[in-house]
Amino acid sequence: MNWTDERVELLRKLWSEGLSASQIAAQLGGVSRNAVIGKVHRLKLSGRGRATAAPARQKKTTQGASMQKTVARAASAARHVTASIGATALQVQFDAEPVARHYIRPVENVVVPISRNLQLVELTERTCKWPNGDPLSEDFSFCGNDAGETGPYCKYHARVAFQPAAERRRAR
DNA sequence: CCCTGATTCGC
DNA sequence: GCGAATCAGG
């Protein structure tokens with residue numbers, strides 16, 4: 001892959017929009033994040049916003065605070081909720097309340113907190129491949145939360161996708 | 001371990 | 001100019 005004008009332009013755009021090098025590499029295709037970073041340097045586009053490395057960590061933004069509440073309310077099974085709004089994508093991590101697990105029998109009531117809304121090219125072996133939205137739509141995306149190594153979905157979508165037979169019967 | 005950008009250096 | 005390897009950091 002060579003750096004055509006179009007590709008450089010897209011690189012400039014995405015970089016200015018705050019996407020991470022790896023995300024840009026994924027969208028460009030055919031290049032590694034290192035290639036993107038190298039190119040960014042050569043183009044002297046570096047230093048976008050915050051200087052050194054990973055900025056993806058804020059704690060008490062008003063927006064962040066209100067969102068934490070929203071997520072906490074939505075996910076009744078959540079015990080610990082941390083949300084971070086980075087220069088790139090929105091990312092939320094959480095741990096389920098073990099006790100609460102007994103209450104959420106009806107699968108319809110399982111609340112999936114939030115998705116990273118990744119594009120197809122951004123999926124890796126560890127990202128949840130649960131689809132969001134209309135595959136024919138522009139804003140179609142995948143959940144993208146951590147799926148571990150046990151399957152194609154994060155634990156919440158796995159719970160929806162792989163219902164135990166008995167449970168599925170009563171959930172009817 | 002996952003990720004981030006920064007730098008170096010052989011090609 | 002390019003980008004893998006490496007470094008430094010969250």
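First the proteins, then the strands, lettered A, B, ... as listed; each starts at 1.
A:L19 is connected to A:V31 through a chain of hydrophobic side-chain contacts under 4.5 Å among Ile, Leu, Val, Met, Phe, Trp and Tyr, so both are in one cluster.
Taking 4.0 angstrom as the limit, A:W15 places none of its side-chain polar atoms (N or O) nearer than this to OP1 or OP2 of B:dG5. Within the 4.0 Å cut-off from OP1 or OP2 of B:dC3, not a single side-chain nitrogen or oxygen of A:S22 is found. Between A:S32 and C:dA4, a side-chain N or O to OP1/OP2 separation shorter than 4.0 Å is present.
For the pair A:R12 and A:W15, the cation does not sit on the ring face, since its NZ or CZ is not both under 6.0 Å from the ring centre and inside 45° of the axis.
Summarising the geometry, the separation between NZ on A:K44 and C1' on B:dA6 is reported as 16 Å, rounded to the nearest angstrom. B:dG5 atom P lies 9 Å from atom CD of A:Q23, rounded to whole Å. Distance, A:I24 CD1 to B:dC3 C1': 15 Å, rounded to whole Å. Protein atom CE of A:M1 is 18 Å distant from nucleotide atom C1' of C:dA4, rounded to whole Å. Look at CG on A:L118: it is 11 Å from P on B:dC3, rounded to the nearest Å. Atom-to-atom, NZ of A:K39 to P of C:dA4 comes out at 14 Å; the value is rounded to the nearest Å.
Applying the 3.5 Å distance criterion, the base of C:dG3 shares a donor-acceptor pair with the side chain of A:R42.
Between A:F162 and A:Y153, the ring planes lie tilted relative to each other; the angle falls in the 30° to 60° range.
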